[in-house]
Amino acid sequence: MSLVIYNTLTRQKEVFKPLEEGKVKMYVCGPTVYNYIHIGNARPAIVFDTVRRYLEYRGYDVNFISNFTDVDDKLIRTAKELGTDVPTVAERFINSYHEDVCALGVQEADYHPRVTETMPEIIDFISKLVEKGYAYEAKGDVYFKTRAFDGYGKLSHQSIDDLRSGARIEVGDIKKDPLDFALWKSAKEGEISWESPWGKGRPGWHIECSAMAKKYLGDSIDIHGGGQDLTFPHHENEIAQSEALNEAPMAKYWMHNGYININNEKMSKSLGNFVLVHDMIKEFDPQVIRFFMMAVHYRNPINFSNELLQSAEVSLNRIRTAYGNLKHRLEVSADLASDAEQWNEKIEQFKQSFITEMDDDFNTANAIAVLFDMAREANVYLQSENTSTAVLAKFIGLFEELAGVLGLTLTEEKELLDEDIEALIEERNNARRERNFARADEIRDQLRDLNIVLEDTPQGVRWKRQ
Ligand SMILES: Nc1ncnc2c1ncn2[C@@H]1O[C@H](COP(=O)(O)OP(=O)(O)OP(=O)(O)O)[C@@H](O)[C@H]1O
Ligand SMILES: [Zn+2]
C-alpha cells in the first residue's frame, strides 16, 4: 500500500512520490503575528504537524519550513495602537505562537523564517521578475503582471477571464490590470521600510512565501500547505511568482485544511467570532483540543462547540483508560498467559489498519477509530486474569507509537499538589523506617521525574520544585 494525498491542483487523490526518493520538502504558510492565534489558526499548525509526523513515521526525511509574516499592514496598525514598534509586536506574538502550539503538541518546523530577515532574497526575486517582464514599477510600488503568466487560475480552477470580469480597478489604483497584485509597496510617511531599487518600502504578502520556499527548499518542493482560504489568491499568486521566475512547478502536492467554523461561519479575527488558544488551554487539556481536531478529516469543516470538545474529552479518556489499565496490569502482575501469539498477531493488525487509514490522505478520523477498536480489545484482554507481560508491553508500545504519530500523549500530566507531595514524602519516611529502601528510592525518583527535589536535613526531609 502506498500513501495517497488529495491534491488541490488536480482535485484528486494521487499516490505520493516525492521529487527525491526518501526526502520530503514541505512548506506551510504560517501566521501573521499581530495577535494571539485562535483555534482556527491552530488547525493548519496541528494538521501539518501531523502530516510531518506521519511522513517521518513512514521513513521520510522531512525538511519542514513554515514562515512568520512579521511585517504587514495589520502589524503596523497594532504597533501604532500599542504605542510601540513592529519588531516588538512581532517578537511578542511569535513567542506566544510558539507557546500555544507547543502546548498543542506541535513540533517546531526545521526553520521558521521571517520576512524581515529575508529582505535581500525578496528584493532579488522581485528584481528578476521585473527583468523577465513579469512585473512593473508604478510610483514606487511593483506589481505582478498577472496576464503575463499563462497558468493563472490553475490551482483554484478559475479561468483568468472569469476572474477578470469579477475584478475592477479601484479609484486611485495605479496598477494596469485589476488582477495585478503588489510585490512591493512604497512606504508611507513614518512607516517601517527597507531600501530597494524602487525606493523605500516593504514587500507585498505573497512574495515572501515564494522567496522563502526558494531560499530554504529550492525551486520545486513536494508539499505546500495552508488553510483553504489561502488557495486563492495567496497560493495562486505564489505559483505565478515562483513559476514565472523558476520555470519549474512550485509544488507537486497542494494541501489545504478545512475551516473551523462557529455557528457554521468561518472563525476569523475580522468577524470577531473567535476563541483564542491562549485562553482555551487554561480551561481545557490541550491534548483534548488536539484530539478534537484529529477526530475529523483535515479537509472537512469542523463546527466548533464546547459540547464537541467535551465529547472529545470523553473519547480521549476511553483510550487513556485502556492504556492506563494495561500499564497498571504490567506493573502488578506476573507473566501468566498461554495464547500470547494469537494476541500479538491481533495487535499487529491494528498497526496495519492504522497505517492503511493514514495512507488514505491522512485520515486521522479513521485512524482514531482504530485506536478505539484497540482500546476495546485491550479491555477484553484485561478481563482475563492470565495476561502475558509481552502482550501487555506490545499493546502499550503500540498505543504509544500510534498516539505519538498523532501528536497525542496518553498520560494526563497532572501537576502534583503540595498535599500529594507531602503524602509521598510521608510514605517514603515510613518505607525507610521499615528499611524498605527500594520503595523509598522509588518515591524519590518518582518525585525527581516531576522536578521535585528532596533534601534530607537533620530537621527532616525538605522539598522544593525545580
Ligand atoms: N477558521 C479557520 N479554520 C481553519 N484555518 C484557518 C481559519 N482561519 C485562519 N486559518 C488559517 O490559519 C493560518 C494563519 O493565517 P493568518 O495568520 O493569516 O490568519 P488569518 O487568515 O488572518 O485569520 P483570520 O481569518 O482570523 O483573520 C492560515 O493557514 C489560514 O488559512
Ligand atoms: Zn504563503
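Quick note: numbers below take in every heavy atom, side chains included, and nothing from hydrogens, waters or symmetry partners. Order of appearance sets the numbers: ligands from 1, and atoms from 1 within every ligand.
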What protein heavy atom lies closest to [atom]? Include the residue and the distance to one decimal.
atom                    : value
atom 11 (C) of ligand 1 : P44 CG, 3.7 Å
atom 6 (C) of ligand 1  : G40 O, 3.3 Å
atom 22 (O) of ligand 1 : K74 NZ, 3.6 Å
atom 21 (O) of ligand 1 : D229 OD2, 3.6 Å
atom 8 (N) of ligand 1  : K266 CE, 3.4 Å

How wide is the angle at the Zn ion (ligand 2) between SG of C209 and SG of C29, to the nearest 10°? 130°
For ligand 1, is G258 a contact, meaning one of its heavy atoms is under 4.0 Å away? yes
Of all the atoms in ligand 1, which lie at a distance below 4.0 Å from a heavy atom belonging to M267? 1 (N), 2 (C), 8 (N)
Does an N or O from S268, backbone or side chain, lie closer than 3.5 Å to an N or O of ligand 1? no
Picking from L371, L316, I368, what satisfies side-chain contact (heavy atoms from CB on, under 4.5 Å) with M294?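 Checked L371, L316, I368 against M294; only one passes side-chain contact (heavy atoms from CB on, under 4.5 Å): I368.
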Please state which part of [X] comes within less than 4.0 Å of ligand 1, counting heavy atoms only: side chain, backbone, both or neither.
X    : answer
N41  : both
N257 : side chain
T32  : both

Which residue in the set H235, H234, H256 passes ring-ring contact (aromatic ring centres under 6.0 Å, His included) when paired with H224?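 Of the listed residues H235, H234, H256, the ring-ring contact (aromatic ring centres under 6.0 Å, His included) partner of H224 is H235.
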Could you tell me whether the Zn ion (ligand 2) has an N, O or S atom of H234 under 2.8 Å away?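 Looking at H234, which is the residue asked about, there is an N, O or S atom under 2.8 Å from the Zn ion (ligand 2).
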Got a sec: is E208 within less than 2.8 Å of the Zn ion (ligand 2) via an N/O/S atom?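 Coordinating: no.
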Going by atom types only, do Y36 and N41 share a side-chain donor-acceptor pair under 3.5 Å? no
